[in-house]
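Worksheet for the structure shown next.
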Amino acid sequence: MSKTYEYDETLTLEEASAYLRQLYCEFPFADWYVDDAGVKQSRSLAVQIAAMMSQFAVGMLPKMASRMGFIYSANSQRSGKTLLAKMALMPVHGTVAAQTWNSTDDEIRKVVDAQAIEGKSYILFDNCRGFLGSPTVEALMTSPQWTGRVLGKSKTFSVRNFMTVFITGNDCTVSTDMSYRCLTVDLFVQEAEVQNRQTSVLLDEVWLAEWSNRHKILSCLWTIVRLWSAAGAPTATTFGIKLPLGFETWGELMGGLVAFAGFGNCLERAPVKAAGDREKMDINSLVTELAKVFTPTRLREEYKFDEIVQICFTEELFTWMMEGREREGTIELNSESKSRLGKLMKRYAPEIERGGRVFSLEGMKVRFACRGSNRHRRYIVEALPPDE
């Protein structure tokens, strides 16, 4: 049995990295490019190597370190997003169990609690759709200790949280908090008919389940870790890589391993559009729209909540929370949508006494804030001097 887990220690760093590159060479990463040395690189590939290391080298993390999650986002079915997640998980775990993304956070909490009690080292939400935002999943990535309630019993539990979050989906949008906690693999399939997409390398779950293939992958990961350690264990900042706030310890280790192996910066932020951070794009679009009334003599305006709602509806902003009765080009939100949009506005437009929130729009800075409460609440946009 002990021989089963003996890795090939004859591999060089170049051989290990080359084998992993070959595995992923035909995946439709949206950000492939050729670097100055003529090597085909991709930010998404670097994130994929980090995802593999997040499972293989997780034991190297300090006990209380928070772990970033991974989002696999594609423009089409048959892109390979689920296979990529399995390629990060199966070499270490042998099999993969996927979960569905539930519409309510209470249901998501039940799934997370069950996985935490079992001591799982990952949780995979596969084939998600629409807007992804969950206080439970967001908290999971920054909570070394997880506390919950045993399903069906009036009994609580508290266990160490070992889980790394994996999410796959087509054209998903994610909350701002989720996007800051995850690294994104972006996939773009050019073929209009996905069945016409052909690859020369056969990779599937059957291939991944073969021990000889798992052993080769694990040997490559071990080679990277072994030679990285022999080289003095260079961290991400050794390579000039900026660390993600709240995940500095995790980023130092994973970013260092990936960069040492020659795959570049896995911690680089994906472009906002590619990352699917629709919430952030929409709030910028809303403030831009509200500020369109500005003139040289009119640099401040106030809006009622209902006016904010109609602008969002007309401009198709925050569509995932704009549910209600439509009539003659307007909308009357239902109570749940009103509550969700109200909470979002409160986050992005704090009280004017607290300074509100400043947005850098094209050519100017704008403060977005609120005053009053309940029916008397007003949302304020005002232009700021360039030097403020």
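Values reported hereafter were calculated over all heavy atoms of this structure, with side chains retained and with hydrogens, waters and symmetry mates removed. What you see is a predicted model; the values in this text were computed from it and never measured.
- Between the CZ atom in R377 and the CZ atom in R371 there is a gap of 11.5 Å [rounded to 0.5 Å].
- Formation of a donor-acceptor pair under 3.5 Å by the W32 side chain with backbone atoms of F27 is found in this model.
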Full working for salt bridge (Lys or Arg N to Asp or Glu O under 4.0 Å) between E279 and R347
CA-CA 12 Å; E279 181 181 298; R347 178 148 46 96; 3.0 Å; yes
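- Side-chain contact between M178 and M141: present, with at least one pair of heavy atoms (C-beta onward) separated by less than 4.5 Å.
- Looking at heavy atoms from C-beta onward, L83 lies in side-chain contact with L203 at the 4.5 angstrom threshold.
- The backbone N or O of L208 lies less than 3.5 Å from no partner atom in the side chain of N213, so there is not a single donor-acceptor pair.
- Of the N and O atoms on the side chains of K280 and Y180, at least one donor lies less than 3.5 Å from an acceptor on the other residue.
- For R300 and E302, the salt-bridge test passes: some basic side-chain N is under 4.0 Å from an acidic carboxylate O.
- No side-chain N or O of N265 forms a donor-acceptor pair with one of K242 less than 3.5 Å apart.
- Judged by distance alone, the side chain of R43 and the main-chain N or O of T184 form a donor-acceptor pair under 3.5 Å.
- I117 and I108 fall within a single hydrophobic cluster, where Ile, Leu, Val, Met, Phe, Trp and Tyr are joined by side-chain heavy atoms under 4.5 Å apart, directly or via other members.
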Does V185 form a side-chain contact (heavy atoms from CB on, under 4.5 Å) with K81? I'd like the steps, not just the answer.
CA-CA 8 Å; V185 173; K81 60 186 182 299; over 6 Å; no
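- Taking CE from M254 and CE from M68, the interatomic distance works out to 11.5 Å, rounded to the nearest 0.5 Å.
- Cluster membership check: V358 does not share its hydrophobic cluster with I352, using side-chain heavy-atom separations under 4.5 Å among Ile, Leu, Val, Met, Phe, Trp and Tyr.
- Distance alone, capped at 3.5 Å, is enough to place a donor-acceptor pair between the Q310 side chain and the I331 backbone.
- Checking each of L286, V366, T288 against V381 for a side-chain contact (heavy atoms from CB on, under 4.5 Å) leaves exactly one that passes, namely V366.
- Remark: the backbone N or O of W146 is not paired with any side-chain donor or acceptor of S143 at under 3.5 angstrom.
- Under the 4.5 Å side-chain criterion, counting only non-hydrogen atoms from C-beta, V225 is in contact with L257.
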Given T100 and F125, is the side-chain contact (heavy atoms from CB on, under 4.5 Å) satisfied, shown in steps?
CA-CA 5 Å; T100 57; F125 294 101; over 6 Å; no
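- Atom CZ of R129 has 12 or fewer heavy atoms from other residues, nucleotides or ligands within 6.0 Å.
- Put simply, the side chain of V137 reaches to within 4.5 Å of the side chain of W101, judged on heavy atoms.
- In this structure, the separation between CD1 on I311 and CD on E289 is 6.5 Å, given to the nearest 0.5 Å.
- Using modelled atom types and a 3.5 Å distance limit, the side chains of Y19 and T223 yield no donor-acceptor pair.
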Starting from the C-alpha separation in whole Å, work towards a yes-or-no answer on side-chain hydrogen bond (donor to acceptor under 3.5 Å, both in side chains) for Y24 and S44.
CA-CA 10 Å; Y24 296 113; S44 293; over 6 Å; no
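- For the pair G251 and P244, the tightest heavy-atom approach, listed with the atom from each and the gap, is CA-CD, 4.4 Å.
- Residues F239 and V47 share a single hydrophobic cluster, defined by chaining ILVMFWY side chains whose heavy atoms lie under 4.5 Å apart.
- The two residues A30 and F188 have their closest heavy-atom pair at CB-CB, 4.0 Å.
- Side chains of Y303 and R378 form no contact here, defined as non-hydrogen atoms less than 4.5 Å apart.
- F157 and F162 fall into different hydrophobic clusters, defined by Ile, Leu, Val, Met, Phe, Trp and Tyr side-chain heavy atoms under 4.5 Å apart, directly or through other members.
- Using modelled atom types and a 3.5 Å distance limit, the side chains of N334 and S337 yield a donor-acceptor pair.
- For E107 (side chain) and N102 (main-chain N/O), no donor-acceptor pair under 3.5 Å exists by modelled atom type.
- Each of D113, D106, D105 was checked for a salt bridge (charged side-chain N to carboxylate O under 4.0 Å, His left out) with R109, and the lone residue meeting it is D113.
- The minimum heavy-atom distance between I308 and Y379, with the atom names listed, is CG1-CD1, 4.0 Å.
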For the pair M322 and V309, evaluate side-chain contact (heavy atoms from CB on, under 4.5 Å) and give the outcome as yes or no after the intermediate values.
CA-CA 8 Å; M322 300 293 289; V309 169; 4.1 Å; yes
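- Across all their heavy atoms, S66 and G246 have their closest contact at CB-O, 3.9 Å.
- When every heavy atom of F29 is checked against every heavy atom of S42, the shortest pair comes out as CB-OG, 3.6 Å.
- Counting only heavy atoms from C-beta outward, the side chains of L23 and I217 approach each other to under 4.5 Å.
- Taking CG from L227 and CG from L13, the interatomic distance works out to 6.0 Å, rounded to the nearest 0.5 Å.
- Proximity of S54 to F166: side-chain heavy atoms (C-beta onward) are separated by under 4.5 Å at one or more points.
- Using modelled atom types, no side-chain atom of T319 and backbone atom of E316 make a donor-acceptor pair closer than 3.5 Å.
- In this structure, C370 SG and E351 CD are separated by 4.5 Å, a value rounded to the nearest 0.5 Å.
- Separating the CG atom in L132 from the OG atom in S179 is a distance of 11.5 Å, to the nearest 0.5 Å.
- Exactly one residue among I241, L61, L267, T235 makes a side-chain contact (heavy atoms from CB on, under 4.5 Å) with E252. That residue is T235.
- The hydrophobic clustering, which links ILVMFWY residues whose side-chain heavy atoms are closer than 4.5 Å, places F368 and I380 apart.
- Remark: the backbone N or O of V165 is not paired with any side-chain donor or acceptor of R67 at under 3.5 angstrom.
- The two residues M53 and L221 have their closest heavy-atom pair at CE-O, 3.6 Å.
- No donor-acceptor distance shorter than 3.5 angstrom exists from the side chain of Q55 to the backbone of M90, with no hydrogens or angles considered.
- Annotation: side chain of I283 is in contact with side chain of F359 (closest heavy-atom distance under 4.5 Å).
- A salt bridge does not link K365 with E382: every distance from a Lys NZ or Arg NE/NH1/NH2 to an Asp or Glu carboxylate oxygen is 4.0 Å or more.
- The side-chain tip of R21 points at the ring of F263 from less than 6.0 angstrom away and within 45° of straight on.
- More than 12 heavy-atom neighbours from other residues, nucleotides or ligands sit within 6.0 angstrom of CD on E315.
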Let's go through I71 and V174 carefully: what are the C-alpha distance in whole Å and the side-chain angles of both, what is the deciding distance for side-chain contact (heavy atoms from CB on, under 4.5 Å) to 0.1 Å, and is it a yes or a no?
CA-CA 10 Å; I71 296 175; V174 300; 3.8 Å; yes
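- Using modelled atom types, one side-chain atom of D8 and one backbone atom of T10 make a donor-acceptor pair closer than 3.5 Å.
- Within 6.0 Å of NZ on K40 lie more than 12 heavy atoms contributed by other residues, nucleotides or ligands.
- With 3.5 Å as the limit, one finds a donor-acceptor pair spanning the side chains of Q48 and Y72.
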